[in-house]
Number of protein chains: 2
Amino acid sequence: MTGEEIMFTSNNTPLEDFKKAKELGAIINFDDISHIPYFLENIGEIGEVTCCRYNPGPLKKGNAFIGKPEEAKYGMTREQLFEAYDLLKKSGVKRFGLHTMVASNELNPMYFVETAKLLFELILEIEQKLNINFEFVNLGGGIGIPYKPAEKKVNFKLISKEIKKIYKKMFISRKKQLNIYVEMGRMITGPYGYLVTKVLHKKNIYKNYIGTDASMADLMRPGMYGAYHHISILDNKNEINKEIFDVTGSLCENNDKFAIDRRLPKNIEIGDLLVIHDVGAHGHAMGFNYNAKLRPAELLLKENGKFKLIRRAETLEDYFATLV
Amino acid sequence: MTGEEIMFTSNNTPLEDFKKAKELGAIINFDDISHIPYFLENIGEIGEVTCCRYNPGPLKKGNAFIGKPEEAKYGMTREQLFEAYDLLKKSGVKRFGLHTMVASNELNPMYFVETAKLLFELILEIEQKLNINFEFVNLGGGIGIPYKPAEKKVNFKLISKEIKKIYKKMFISRKKQLNIYVEMGRMITGPYGYLVTKVLHKKNIYKNYIGTDASMADLMRPGMYGAYHHISILDNKNEINKEIFDVTGSLCENNDKFAIDRRLPKNIEIGDLLVIHDVGAHGHAMGFNYNAKLRPAELLLKENGKFKLIRRAETLEDYFATLV
């Protein structure tokens, strides 16, 4: 990808990152009003096209995962946006975009429709007030995936239909169309990664435990957020008799658990392979080396059914590589 | 360190780790009753000396950091301990130890005194019932450090005095002394590490932010646990006028914050150096590479006042080292 195919969204941005974005010709998405003079002074011209990130604060209630927008470090306030686009216009920018990201792992399609409406209204207001034209709106990401078996995939057709309806109504007299961008990170990668781990121990004390040869080093979401990841057993076990287990790693952290109070087949045995689902997003990428744990290899399943090693397992040499 | 200078405490232990511990002649601290037959079958003789980890469950209320013992994956129940030491005695072990770890970052000295009493009583009971002799008791770690300026260091003299009192009373007729071990990880390393970071940006939206060139990649405790780390400014700023700030990194995670609602000098400026205290424990060791962040170098301050590089900063080559 090159040039305007790249949208550079960041926060608390280091100078080097802005430099690299400019060098690549990326569309820069300014997170803060102060970043505009910072960029102009330290790097130079912004270019023909740019974007600003909006934080609607109390105007949008946020969702369970991302929290309340007014407590999030991202984006600019409404008032700042007017100032920002004015500044950008004066500095020579010709083509404008507006971005927000007010959801994370949201499954309710109407949440995204409401976000679109909020941004469409703001665009009309800014266009009128500053006499500029928006070329695109970026509705952000935050499209959830069904981590739990009872959850359903987000209905994209419904989102599309509802946004179209609003678009047509609001932009009926618009000459040039407004492009709509979205950011589908988790949805594209999340469901297509699996963490395969072997049962090392079963333990019964005040609770029942299944100990695996993976740990929080390989998948941090359950430990960090209490996130649910579905677990199934690779072998064809009798799934009728279930029991409540905690599924743990071996870190000296009691939050090193893949599941708490999970109903799993009673007859899980040492040596069984467990498959932890939906680790394609925030899995390996978020892993660490705490307790000197080494991160695992990654295999790609190809269309022809063969596997290819795309990342080798870490070694002790990797772990100690930076020690002088 | 070699042999019995090493005490190998683990949980959900991989076979290779047990093998290495045996090879080094370490004192093995069995976390679970099932690990004893596992060791005997897969590795062989345990050796002359060994230890078991006790999880007192509801008999000890736990502390804020480590949580309730009955929800912790560690250790054996009271009933299991009797069975475990009997098994160990029969398998040829001659010298015994008892371990627990029921606190984390605890500042109340009496908490440790109570733990000692609990273990002393249990030792007397096991000794009598199984006709074995304990050589040592390991009270575990969990000694806290004063992360907040208003907190005080743990009073070791008081702990020592109170434990001695109980020891004398309970073991008055004991021939061979019972050695007392403790594990002082955080206390020894925690206060002696500092994370030095530069202010990149100031941002004012619904809250006031100070953005630094460090992130959760360098120190995860505030993001993961909401832990407090004191922050001071290296330059001699006027500290009278204070303002409330969130101090953030630049990850695309809103928990990438070193402090939330912290009172800091109003006149902090871009380029100022902030010092984040007490990162010697769980600092660099817990760091990750999320969002492709590279972990920083580490410098050792020597007694002669000079600095020595003990760990170099990570590079992109390190980051991509395992990609095929």
Novice: What's the separation between atom CG in Asn12(B) and atom CG in Leu200(A), rounded to the nearest 0.5 Å?
Specialist: 5.0 Å
Novice: Check whether Asn255(A) gets within reach of chain B through its side chain, its backbone, both or neither, counting any heavy atom under 4.5 Å.
Specialist: side chain
Novice: If we only count heavy atoms from C-beta on, is the Met220(B) to Phe288(A) side-chain gap below 4.5 Å?
Specialist: yes
Novice: Side chain, backbone, both or neither: which part of Gln80(A) has a non-hydrogen atom closer than 4.5 Å to chain B?
Specialist: side chain
Novice: If we define contacts as heavy-atom pairs under 4.5 Å, which of Ala72(A), Pro58(A), Ala217(A) has the most with chain B?
Specialist: Ala72(A)
Novice: Between Tyr206(B) and Pro69(A), is there a side-chain heavy-atom distance shorter than 4.5 Å?
Specialist: no
Novice: With the side chain counted from C-beta on, respond yes when Asp31(B) and Lys203(A) share a heavy-atom pair under 4.5 Å apart, and no when they do not.
Specialist: yes
Novice: For Met101(A), which atoms come within 4.5 Å of any heavy atom of chain B: side chain, backbone, both, or neither?
Specialist: neither
Novice: Please determine, among Met224(B), Glu298(B), Arg311(B), Lys73(B), the option with the most heavy-atom pairs under 4.5 Å with chain A.
Specialist: Lys73(B)
Novice: At under 4.5 Å between heavy atoms, what parts of residues 315-322 of chain A are in contact with chain B? List them by residue number.
Specialist: Asp318(A), Ala321(A), Thr322(A)
Novice: Can you tell me which of Glu253(B), Arg295(B), His284(B) forms the most heavy-atom pairs within a distance under 4.5 Å of chain A?
Specialist: Glu253(B)
Novice: For Glu79(A), is it the side chain, the backbone, both or neither that has a heavy atom under 4.5 Å from a heavy atom of chain B?
Specialist: neither
Novice: Taking every heavy-atom pair that is under 4.5 Å apart, which of Pro14(B), Ser10(B), Gly249(B), Gly287(B) has the most such pairs with chain A?
Specialist: Gly249(B)
Novice: In Å, rounded to the nearest 0.5 Å, how long is the span from CG of Asp17(B) to OG of Ser250(A)?
Specialist: 7.0 Å
Novice: Counting heavy-atom pairs closer than 4.5 Å to chain B, which one of His201(A), His282(A), Lys202(A) comes out on top?
Specialist: His201(A)
Novice: Can you confirm whether more than 12 heavy atoms, excluding those of Lys198(A), are under 6.0 Å from its NZ atom?
Specialist: no
Novice: Heavy-atom pairs under 4.5 Å with chain B - which of Asp256(A), Thr9(A), Thr248(A) has more of them than the others?
Specialist: Thr248(A)
Novice: Tabulate, in ascending numerical order, the residues of residues 32-43 of chain A having at least one heavy atom closer than 4.5 Å to a heavy atom of chain B, or enter 'none'.
Specialist: Asp32(A), Ser34(A), His35(A), Tyr38(A)
Novice: Under 4.5 Å heavy-atom distance to chain A, tell me which part of Ile310(B) shows up: side chain, backbone, both or neither.
Specialist: backbone
Novice: With a 4.5 angstrom heavy-atom cut-off, is it the side chain or the backbone of Lys257(A) that approaches chain B, or both, or neither?
Specialist: side chain
Novice: Among Asn291(A), Ile260(A), Asp246(A), Leu251(A), who wins on heavy-atom pairs under 4.5 Å with chain B?
Specialist: Leu251(A)
Novice: Report which part of Met76(A) has an atom under 4.5 Å of a heavy atom belonging to chain B: side chain, backbone, both, or neither.
Specialist: backbone
Novice: Out of Thr13(B), Asp213(B), Ile270(B), which one racks up the most heavy-atom pairs below 4.5 Å with chain A?
Specialist: Thr13(B)
Novice: What distance do Asp261(B) atom CG and Glu71(A) atom CD have between them, rounded to the nearest 0.5 Å?
Specialist: 8.5 Å
Novice: Is it true that atom NZ of Lys68(A) has more than 12 heavy atoms of other residues, nucleotides or ligands lying nearer than 6.0 Å?
Specialist: no
Novice: I need the residue from Asn204(A), Leu309(A), Thr77(A), Asn289(A) with the largest number of non-hydrogen atom pairs under 4.5 Å to chain B.
Specialist: Thr77(A)
